[in-house]
Protein chains: 2
Amino acid sequence: MARPLTARQQTVYDFIVKTMTELGYPPTRAEIARALGFRSPNAAEEHLRALDRKGVIRMIPGTSRGIRLPGGSPEGEPAAVDSGLPIVGSVAAGSPILAAEHIDRYCPLPADYFSPRADYLLRVRGLSMKDVGILDGDLLAVHRTQQVRDGQIVVARLEDDVTVKRFQRDGNHVTLLAENPDFAPIEIDLAHQHLEIEGLGVGVIRGDNGSGLG
Amino acid sequence: MARPLTARQQTVYDFIVKTMTELGYPPTRAEIARALGFRSPNAAEEHLRALDRKGVIRMIPGTSRGIRLPGGSPEGEPAAVDSGLPIVGSVAAGSPILAAEHIDRYCPLPADYFSPRADYLLRVRGLSMKDVGILDGDLLAVHRTQQVRDGQIVVARLEDDVTVKRFQRDGNHVTLLAENPDFAPIEIDLAHQHLEIEGLGVGVIRGDNGSGLG
DNA sequence: ACAATGACTGGATACAATCCCAGGCTGTAT
DNA sequence: ATACAGCCTGGGATTGTATCCAGTCATTGT
């Protein structure tokens with residue numbers, strides 16, 4: 001079961017990703033410890049084991065810098081690609097997004113047109129993200145993952161409610177920012193509230209309405 | 001300058017690239033030696049020095065697996081699809097939009113996904129239409145037609161310049177409205193200026209950039 | 001003939017890095 | 001109360017790795 005990462009584990013994971021993209025190779029335990037302020041490399045070791053257990057990284061025993069980021073998201077089964085990307089309309093409270101009854105129709109676009117790969121298209125309701133060009137009725141291409149970084153557009157589920165917002169985390173505190181001055185940010189304390197990240201916004205499609213934009 | 005690599009050095013370099021793309025981290029001297037049949041890691045060390053001298057890799061002293069490939073990580077480019085909608089980048093003055101030299105690549109989406117049918121995708125530059133959710137770099141799906149109505153988003157050519165604007169006509173007078181308070185409307189007197197309507201905006205696609213929206 | 005370079009073998013050393021053990025502290029679940 | 005997981009300090013054994021030194025052999029340019 002993919003229990004979500006703890007805040008600290010997420011920090012470690014983020015540092016690994018950052019190191020690998022910036023330097024081209026993964027960090028050592030000592031480097032992780034130094035970067036996050038641990039006085040012992042063992043703290044990093046234990047975090048790595050946890051991340052490995054949860055499947056977001058792979059440790060290669062006995063190998064220096066032996067950390068791998070397995071391709072694809074942790075346990076997201078690849079969406080049925082045959083007929084294209086499923087288009088999800090409104091999501092009922094408490095049920096998984098990709099439940100069959102939510103699937104409206106399919107968009108004949110290959111999943112890997114977007115990068116990272118899109119797993120489904122979510123029809124966006126409301127104008128809370130209009131300043132980043134996501135309008136009412138648009139289709140948001142979503143990559144299923146729990147690994148999201150600050151500033152990214154995410155699909156989140158908060159108390160059975162699915163929303164699209166910009167993600168920002170500070171330790172145990174998460175802020176979901178709208179991109180529209182008419183909407184207030186949503187503040188979440190992870191210690192007291194449950195927040196589930198459903199995926200990462202990777203694209204937008206608009207225009208199946210029928211008579212041109214306007 | 002950059003003397004070309006010897007055959008053996010090329011082999012070593014290829015192995016480094018292969019290792020990094022397959023494993024996610026660079027090889028050690030010993031691993032290179034093992035892979036290429038050297039009986040001493042020093043042979044690998046000397047090759048690495050040569051590759052560093054010639055600038056194709058960068059060695060980080062004292063660091064295990066401290067090998068970097070300068071000039072960005074090798075990214076797999078998306079396979080060129082020769083079917084689907086042509087994507088048009090910048091359009092040279094005075095030439096038809098669908099001239100072959102403007103076609104960047106193709107988007108594997110059927111033309112009739114949009115309605116009315118899209119004939120090509122135009123990459124939009126600038127933020128003049130940001131208030132209707134068309135941002136810089138977005139792909140505008142365009143239906144080729146001259147029959148446009150007031151209020152529609154159109155692709156127009158004015159004095160060899162191709163722009164995307166909202167269309168408004170009053171007798172012989174046309175106004176092309178931006179959807180961004182920072183941009184002034186363009187006023188055109190059809191009796192004195194030539195305006196060509198290239199098509200009607202029927203959709204928007206965003207998100208072929210590579211790492212999520214944000 | 002000579003030096004310079006590329007391509008190695010073989011051996012050695014010191015540090016880099018993984019990984020195990022023994023704790024402590026704070027929560028949350030049972 | 002007790003147990004357990006997450007998160008951390010501190011130390012230490014063992015192995016992984018970078019890096020140096022001393023040679024050999026062939027090729028190439030001078």
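The sequence lines fix the lettering, A, B, ..., with proteins before strands; numbering per chain opens at 1.
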> Can you find an N or O donor on one side and an acceptor on the other, under 3.5 Å apart, linking the side chain of N42(A) with the base of dT9(D)?
Replying inline: yes

>> For A43(B) and T63(A), find the nucleotide of DNA chain C closest to each by heavy atoms; which residue's nucleotide sits nearer the 5' end?
In response: A43(B)

> In Å, rounded to the nearest 0.5 Å, how long is the span from CE of M20(A) to CD1 of I67(A)?
Replying inline: 8.0 Å

>> Base of dC8(D), side chain of E46(A) - is there a donor-acceptor contact under 3.5 Å?
In response: yes

> Can you check the L48(B) CG to dT19(D) C1' distance for me, whole Å?
Replying inline: 12 Å

> Does a side-chain N or O from R49(A) land closer than 4.0 Å to OP1 or OP2 of dC20(C), or not?
Replying inline: yes

> Between dC8(C), dA17(C), dG6(C), which one does the side chain of T28(A) approach most closely?
Replying inline: dA17(C)

>> In whole Å, I'd like the distance from the CD1 atom of I60(A) to the C1' atom of dT15(D).
In response: 17 Å

> At under 4.0 Å, does any side-chain N or O of R29(A) touch on OP1 or OP2 of dT18(C)?
Replying inline: yes

> Between atom CG of L48(A) and atom CD1 of I32(A), what is the distance when rounded to the nearest 0.5 Å?
Replying inline: 4.5 Å

>> Tell me whether the side-chain N or O atoms of S64(B) pair up with the base of dG16(D) as donor and acceptor below 3.5 Å, since no angle test is needed here.
In response: no

>> With a 6.0 Å cut-off (strictly less than), is the heavy-atom count around CZ of R39(A), excluding the residue itself, greater than 12?
In response: no

> Are OP1 or OP2 of dG6(C) and a side-chain N or O of H47(B) less than 4.0 angstrom apart?
Replying inline: no

> Quick one: is R65(B) getting a side-chain N or O under 4.0 Å of the dT17(D) phosphate, OP1 or OP2?
Replying inline: yes

>> If you only use heavy atoms from C-beta on, which nucleotide in dA18(D), dT9(C), dT9(D) is closest to the side chain of E45(B)?
In response: dA18(D)

>> Rounded to whole Å, how long is the line connecting atom CG of L51(A) with atom C1' of dA5(D)?
In response: 15 Å

> If you round to the nearest 0.5 Å, how far is CZ of F114(A) from CG of L121(A)?
Replying inline: 6.5 Å

> Quick one: I32(A) CD1 to dA16(C) C1', roughly how many Å, whole number?
Replying inline: 15 Å

> dG6(D) phosphate, OP1 or OP2: any side-chain N/O from R8(A) under 4.0 angstrom?
Replying inline: no

> Between R39(B) and dC8(C), is there a side-chain N or O to OP1/OP2 distance below 4.0 Å?
Replying inline: no

> To the nearest Å, how far apart are L36(A) CG and dC7(D) P?
Replying inline: 12 Å

> More than 12 foreign heavy atoms under 6.0 Å from CZ of R58(A): is that the case here?
Replying inline: no

>> Categorize S40(A) for me: base, sugar-phosphate, or nothing, with a 4.0 angstrom heavy-atom threshold over every strand shown.
In response: base

> Between H47(A) and Y13(A), does the ring centroid distance fall short of 6.0 Å?
Replying inline: no

>> Distance check needed: dC20(C) C1' versus M59(A) CE, whole Å only.
In response: 13 Å

> Expressed in angstrom and rounded to an integer, what is the separation of F38(B) atom CZ from dG6(C) atom P?
Replying inline: 14 Å

> In whole angstrom, what separates Q10(B)'s CD from dG6(C)'s P?
Replying inline: 16 Å

> From dA17(C), dC19(C), dG6(D), pick the nucleotide closest to the side chain of R53(A)?
Replying inline: dG6(D)

> Nearest to the side chain of P61(B), which nucleotide is it out of dC19(C), dT19(D), dT9(C)?
Replying inline: dT19(D)

